[in-house]
Amino acid sequence: MAVTPTAALVQTLNGIQFGFILFMIASGLTVILGILDVLNLAHGELFSLGAYTAIGVFGFIIGVIGPPGGGVVGTAVFVLAVLAAVLITAAILLPVGTLFEAVFLRQIYDRDQVYQLVLTFALLLILLDVKKFIWGDSSIRTDAVYSAINTIPTSELVGLNYPTYNVFVILVGSVVVVGLFWFFERTKTGRIIRATAIDREMATAIGVSTDRVFTLVFALGAFLAGFAGAMAVPPTSATLEMGTNPLVLSFVVIVIGGLGSLRGAFVGALLVGVIRSWMITLYPPGEIAAPFAIMALILLVKPEGLFGTWGETA
Amino acid sequence: MPERVDRDGTPAYRFLGVEVTRREAAFLVLGVVVLFIVPDLTTVSDSLQLSVIHQGLLFGFAAVGLNLLLRHTKLTSFGHAAFFGTGAYATAVLARYAGVQSVGLLLLGAIAAATVMAAIIGVLSLRHTGLYFALLTLAFGQLLYAIALGQSALGGSDGLPIRPGPANQPLLFGTAFSPDVYQVLTYYLTVVVILIGLFVMYRITQSPFRNALDAIGQERTRARFIGLPVRRYVWAAFVISGIYGGVAGGLFAVVRQYVRPEGTLFFLRSGDILFMAILGGFRTLVGPLIGGVVLVFLQDVGQDVTQYYEFLTGAVLLILVYGFPRGIVGSLRSGGIVNTRLNELRREPSVLSTWGRTAVQSLERKVTEALTSLRIILFGVD
């Protein structure tokens with residue numbers, strides 16, 4: 001199959017866009033894993049909960065401000081409103097994550113790890129039906145955001161026909177990545193979280209409340225998952241089983257990058273996103289299998305993952 | 001013939017290496033009899049269906065295999081559907097492309113395929129323990145799922161029929177039976193396979209191999225220092241547990257005569273298998289089997305009663321985690337929570353109100369704790 005440079009570029013951009021979404025999910029998962037030592041199987045459901053919630057929030061915000069007005073100012077207001085809606089969605093997910101940790105998980109930290117798996121799996125099933133109860137069986141979608149943002153010319157300026165919304169996702173995703181690294185490297189709370197990851201006992205000894213850190217980390221994970229859900233939903237639709245695939249791919253990302261490593265999650269997510277996207281044009285049946293093949297390869301060459309365990313550096 | 005032996009003062013019987021007291025022997029006989037009369041029981045009531053119980057037994061059998069890892073080496077495999085699916089697909093491929101018709105040969109093929117698959121996945125994933133191991137097994141399971149979904153030779157998402165054509169049915173003892181007879185006969189075949197499998201597993205749990213696995217599960221470094229070949233033993237246990245999954249999957253394919261990736265290889269099936277082991281009680285031998293029947297039955301009944309049956313399963317798992325962490329069999333047997341509570345109740349019925357009070361109190365405490373931590377998160381410590 002002949003692949004033109006343009007098509008290759010578009011596929012790469014698609015992959016990067018998906019990689020950023022994946023990073024937002026996987027980063028929360030990997031931080032939870034690194035600090036709480038819990039594999040949160042319900043993380044994909046948090047992502048899809050974010051997507052469902054976002055459709056409502058988008059609808060509300062657009063209802064308030066109306067369709068994008070003409071001119072630069074009108075467009076800017078609309079983009080800001082979309083960003084605000086995404087943030088609101090993510091903020092709605094904060095208490096959900098907090099409740100998860102404080103009410104359910106906290107009781108069973110001292111048990112066998114397998115019980116934590118069962119618990120998060122039970123929460124996965126429950127969330128699945130809660131969504132079904134609220135939003136029904138069929139998929140729901142919102143077109144307004146996607147089509148409105150696509151009217152803004154970006155890639156057309158350099159002579160490429162590429163949806164502006166995807167560019168938007170890449171830009172926002174980059175900001176999230178920078179923000180997360182800044183948070184963990186520079187802020188006091190971020191350092192406390194990292195200290196807890198490196199040595200829980202020592203952190204307690206110097207006065208860090210690990211309980212608080214645990215809840216915070218889980219809430220942060222839920223926030224990021226909700227953010228990812230809100231960013232991912234406009235081009236597609238929210239479905240009940242949309243959480244499964246990103247969850248499993250996040251596992252792959254975590255294994256590739258190294259357990260608990262934020263930097264690893266970033267590299268892994270982009271790698272998985274781009275290779276998956278290339279596979280769609282080169283060899284379609286390999287699309288689902290490719291991430292796992294990379295993972296197996298990494299395991300053979302470097303079993304601890306590309307960046308090892310989280311700790312000294314984020 | 002059974003020979004009498006003495007076990008800690010109580011008389012016990014010993015036969016083929018299985019040592020039971022009289023009480024246990026009664027349970028054993030009862031269990032076997034129940035297993036064999038299930039096809040007759042299902043004619044009594046419509047809510048009991050042979051195919052549901054059969055499916056529960058098959059998944060439960062895979063869970064028995066998984067339990068070897070979970071109980072002794074403390075490894076949580078989250079990808080056991082990989083072996084179940086390998087067995088099922090090996091059967092389907094053999095029947096469809098190699099023209100194998102006999103059930104026995106098909107099952108042997110399933111065993112061979114599952115062994116090879118478990119050996120490969122084991123080598124790759126057993127370098128790690130804990131959650132990392134769970135992640136890896138899950139990812140390999142999904143890899144197989146992706147392969148089955150992507151290859152048109154394996155039927156893609158539509159799956160594969162076991163035998164093409166109108167007589168879509170493998171041969172038992174070289175004969176083709178009518179569908180309902182076939183169903184009952186394969187059920188008995190399953191029961192026989194399960195009994196053999198349980199017997200083998202029992203012998204394994206009575207062997208020095210099991211002690212070695214226990215030692216490895218408790219502390220790997222120490223196990224290595226006392227000279228155990230840790231990696232080889234764990235790998236052997238992994239392969240054995242994979243074979244159980246493969247046999248179950250092969251039987252599943254033979255019974256259903258159709259293999260779909262969703263029903264055999266999907267990661268939720270791995271979850272199901274793991275939770276069957278815990279639901280039934282993973283510190284016991286037959287627990288996973290009972291957990292399998294209960295979970296599949298629950299899902300089936302739930303589907304009839306409400307459209308929110310996933311919620312139902314989730315709620316049962318929650319109750320299990322908080323209330324009965326030892327599972328059904330673990331809670332029911334002497335010394336288990338149910339027995340202890342019942343005895344207390346028999347001795348002093350007023351204990352009920354104390355339980356109620358403690359339950360309310362602990363609930364209150366949990367809620368206060370949760371609210372406190374929420375407040376701390378939002379507003380800080382002071």
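Proteins get letters first, then strands, A, B, ... in listed order; numbering begins at 1 in each. Computed from heavy atoms alone, side chains included, the values below leave out hydrogens, waters and symmetry copies.
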* What part of B:Ile278 lies closer than 4.5 angstrom to a heavy atom of chain A: side chain, backbone, both or neither? -> side chain
* Asked: Got a second to check how far B:Tyr308's OH is from A:Leu125's CG, nearest 0.5 Å?
  -> 15.5 Å
* Structure fact -> Looking only at B:Lys74, B:Gln142, B:His128, most heavy-atom pairs under 4.5 Å shared with chain A are made by B:Gln142
* Asked: Which bit of A:Leu117 is near chain B, if near means a heavy-atom gap under 4.5 Å: side chain, backbone, both or neither?
  -> both
* Let me know if A:Leu128 has heavy atoms under 4.5 Å from chain B in its side chain, its backbone, both or neither. => side chain
* Structure fact -> Heavy-atom closest pair (A:Ala122 atom, B:Gly314 atom, distance to 0.1 Å) is CB-O, 3.4 Å
* Asked: Where do A:Val130 and B:Phe311 come nearest, in terms of heavy atoms and distance?
  -> CG2-CE1, 4.3 Å
* Interatomic distance, A:Leu247 atom CG to B:Phe267 atom CZ [nearest 0.5 angstrom] -> 5.5 Å
* To do: Against chain B, work out which of A:Gln116, A:Arg111, A:Met295 has the most heavy-atom pairs shorter than 4.5 Å and name it.
  => A:Arg111
* **Region of A:Leu249 in contact with chain B, defined by heavy-atom distances below 4.5 Å** => neither
* Asked: Hey, do the aromatic rings of A:Phe121 and B:Phe275 have their centres closer than 6.0 Å?
  -> yes
* Asked: Who wins among B:Ala315, B:Ala146, B:Ala134 for the most heavy-atom pairs under 4.5 Å with chain A?
  -> B:Ala146
* To do: With a 4.5 Å cut-off on heavy-atom pairs, point out which of A:Leu124, A:Val252, A:Leu123, A:Val114 contacts chain B the most.
  => A:Val114
* Which bit of A:Ile108 comes within less than 4.5 Å of chain B, counting heavy atoms only: side chain, backbone, both or neither? -> side chain
* Between CG on residue A:Leu41 and CZ on residue B:Phe78, distance to nearest 0.5 Å -> 4.5 Å
* **Winner by heavy-atom pair count (cut-off under 4.5 Å) against chain B, out of A:Val118, A:Leu33, A:Val103, A:Asp37** => A:Val118
* Structure fact -> If one checks every heavy atom of B:Leu279 against chain A at 4.5 Å, the contacting part turns out to be neither
* Looking only at atom types and distance, does a side-chain atom of A:Tyr115 sit under 3.5 Å from a main-chain N or O of B:Tyr322, one as donor and one as acceptor? -> no
* Reported CD1-to-CG distance for the pair A:Ile126 and B:Leu317, which is rounded to 0.5 angstrom -> 8.5 Å
* To do: Supply the atom-to-atom distance B:Leu144 CG to A:Phe292 CZ, rounded to the nearest 0.5 angstrom.
  => 10.0 Å
* Asked: Of all heavy-atom pairs between A:Asp112 and B:Arg283, which one has the smallest distance, and what is that distance?
  -> OD2-NH2, 3.6 Å
* Selection from A:Val255, A:Val38, A:Val248 maximising heavy-atom pairs under 4.5 Å formed with chain B -> A:Val248
* Structure fact -> If one checks every heavy atom of B:Phe266 against chain A at 4.5 Å, the contacting part turns out to be side chain
* Heavy-atom count around A:Phe133 CZ within 6.0 Å, excluding the residue itself: above 12? -> no
* Enter the distance from B:Glu310:CD to A:Lys132:NZ here, rounded to the nearest 0.5 Å. => 6.5 Å
* Structure fact -> Looking only at heavy atoms, the pair that brings A:Ile254 and B:Tyr132 closest together is O-OH, 4.5 Å
* Structure fact -> In terms of heavy-atom contacts, B:Tyr309 and A:Asp129 come closest through N-OD2, 3.4 Å
* Asked: Do you know the tightest heavy-atom contact between B:Val321 and A:Leu119?
  -> CG2-N, 4.2 Å
